[in-house]
S.K.: 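Provided herewith is a single structure, encoded as structure tokens, for subsequent inquiry.
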Amino acid sequence: MFLYQKFIKKLLDTMLALLLFALFLPLLIVLFCVGSVVFHGHPLFVQKRIGLNNEPFLMFKFRSMHEIAPNVSNSSISVVQQYIPVYGKFIRRNSLDELPQLINIIKGEMSFVGPRPLTKVDEETLYYRSQLNMKNCRPGLTGLAQTNGRNLLTPEQKAQLDVDYASDISFTGDFVIWLRTIYVVLKREGINGKES
């Protein structure tokens, strides 16, 4: 497990991210252009997140909400539909807004599987992570929380799942989470309107 967590996992992440970036490049270009029109020249959502060793990094997504949307945690937003155009709903429903995070994975800031990188407004989840003595690991594009309820979970539930993952990182576990992620995306489970 140690060898996989420290060396093999990052190598596999980088190789797969480079391959997927090349394969999805035409789609990335199309989404960038459409997003530029819809959001008046601001197709990317760039936000500071907390990463490995609690170091901040800039995480990339395709913008799905208008810039006037309030910057609060998922659990704090009530009425969000007014901030999301049809294009935004489409890319969120199909998780296409996450594609630019391939860049974060290539840069070594993220992994394909790991605890979701949080912002400072996610205070409750960060608090519970610290209370549960979560081991530090590279944040992921998907993880146990994203495949077991996603935005429908409470901050405490998210933190517990993050801790469970960080305590037992393995190739088999990552592979199962990745398969489960594909299933969740296809079924469109646990998605709300918040850009996160």
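Note that this is a predicted model, so its numbers are computed, not measured. Here, residue 1 is the first one in the sequence, and each next residue gets the next number.
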S.K.: Take Thr181 and Gln146 through the test side-chain contact (heavy atoms from CB on, under 4.5 Å) and record every step on the way to the result.
M.R.: CA-CA 7 Å; Thr181 298; Gln146 285 65 49; 5.7 Å; no
S.K.: Distance from Leu12 atom CG to Met15 atom CE, nearest 0.5 Å?
M.R.: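 The CG atom of Leu12 sits 7.0 Å away from the CE atom of Met15.
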S.K.: What's the shortest heavy-atom distance between Asn136 and Gly51, and which atoms?
M.R.: OD1-O, 4.2 Å
S.K.: In this structure, which one of Gln5, Lys10, Lys9 forms a side-chain hydrogen bond (donor to acceptor under 3.5 Å, both in side chains) with Ser111?
M.R.: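 So the option named by the test is Lys9.
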S.K.: Quick check: closest heavy atoms across Arg92 and Ser64, and the distance to 0.1 Å?
M.R.: CD-OG, 3.2 Å
S.K.: Can you tell me how far the CZ atom of Arg129 sits from the CD1 atom of Ile50, to the nearest 0.5 Å?
M.R.: 8.5 Å
S.K.: Using the rule that Ile, Leu, Val, Met, Phe, Trp and Tyr join whenever any side-chain heavy atoms are under 4.5 Å apart, tell me whether Phe112 and Leu144 fall into a single cluster.
M.R.: yes
S.K.: Does Phe39 reach the side chain of Leu44, with side-chain heavy atoms less than 4.5 Å apart?
M.R.: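 No, every pair of side-chain atoms sits at 4.5 Å or beyond.
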S.K.: Taking atom CE of Met110 and atom CD1 of Ile103, what is their separation to the nearest 0.5 Å?
M.R.: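 CD1 of Ile103 is found 11.5 Å from CE of Met110.
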S.K.: May I ask you to decide if Thr119's main-chain N or O and Asp122's side chain share a donor-acceptor pair within less than 3.5 Å?
M.R.: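 A pair under 3.5 Å: yes.
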S.K.: Report yes or no: do Tyr128 and Leu153 belong to one cluster of Ile/Leu/Val/Met/Phe/Trp/Tyr joined by side chain heavy-atom distances under 4.5 Å?
M.R.: no
S.K.: Show your reasoning for whether side-chain contact (heavy atoms from CB on, under 4.5 Å) applies to Val185 and Ile182.
M.R.: CA-CA 5 Å; Val185 169; Ile182 295 173; 5.9 Å; no
S.K.: Rounded at 0.5 Å granularity, tell me how far CZ in Phe90 sits from CG in Leu31.
M.R.: 7.5 Å
S.K.: Tell me whether Ile91 is reachable from Phe32 by hopping between hydrophobic residues (I, L, V, M, F, W, Y) whose side-chain heavy atoms are closer than 4.5 Å.
M.R.: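 As far as the 4.5 Å side-chain criterion goes, Ile91 and Phe32 are connected within one cluster.
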S.K.: How close do Arg63 and Met65 get, counting heavy atoms only, and between which atoms?
M.R.: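 The answer is CG-O, 3.1 Å.
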S.K.: Hydrophobic clusters here meaning ILVMFWY residues chained together by side-chain heavy-atom distances under 4.5 Å, can you tell me if Val176 and Leu161 are in one?
M.R.: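 Different hydrophobic clusters.
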S.K.: Spell out, as yes or no, whether a donor-acceptor pair under 3.5 Å connects the side chain of Glu98 to the backbone of Ser95.
M.R.: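 Looks like no, no N/O pair under 3.5 Å.
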S.K.: Which pair of heavy atoms, one from Tyr165 and one from Pro115, lies closest together, and at what distance?
M.R.: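 Shortest heavy-atom separation between Tyr165 and Pro115 comes out as CD2-CD, 3.8 Å.
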S.K.: In terms of hydrophobic clusters joined by side-chain contacts under 4.5 Å, are Leu11 and Val113 together?
M.R.: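 No.
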S.K.: Check the pair Arg49 / Leu118 against side-chain contact (heavy atoms from CB on, under 4.5 Å), numbers first and verdict last.
M.R.: CA-CA 5 Å; Arg49 297 288 177 113; Leu118 301 177; 5.7 Å; no
S.K.: Nearest heavy-atom pair of Gly88 and Ile84: which atoms, and what distance?
M.R.: C-CG2, 3.7 Å
S.K.: Is there a donor-acceptor pair closer than 3.5 Å between any side-chain N or O of Asp174 and the backbone N or O of Ile169?
M.R.: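 No: the side chain of Asp174 does not pair with the backbone of Ile169.
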S.K.: Do Leu28 and Phe21 touch side chain to side chain, with heavy atoms closer than 4.5 Å?
M.R.: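 Sidechains of Phe21 and Leu28: in contact.
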S.K.: Cys137 and Leu52: which non-hydrogen atoms are nearest, and at how many Å?
M.R.: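 Of all heavy-atom pairs spanning Cys137 and Leu52, the closest is C-CD1, 3.5 Å.
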S.K.: Just verifying a value: how many Å separate Met134 CE and Thr125 OG1, rounded to the nearest 0.5 Å?
M.R.: 11.0 Å
S.K.: What is the distance from atom CD of Gln101 to atom CD of Glu109, rounded to the nearest 0.5 Å?
M.R.: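 These two atoms lie 10.5 Å from each other.
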S.K.: Are Asn104 and Phe57 packed together at the side-chain level, in the sense that at least one heavy-atom pair is separated by less than 4.5 angstrom?
M.R.: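 Side chain of Asn104 against side chain of Phe57, heavy atoms only: contact under 4.5 Å found.
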S.K.: Report the C-alpha distance between Gln131 and Glu156 in whole Å, list the side-chain angles of each, state the deciding distance to 0.1 Å, and finish with yes or no for side-chain contact (heavy atoms from CB on, under 4.5 Å).
M.R.: CA-CA 10 Å; Gln131 290 296 106; Glu156 187 172 9; over 6 Å; no
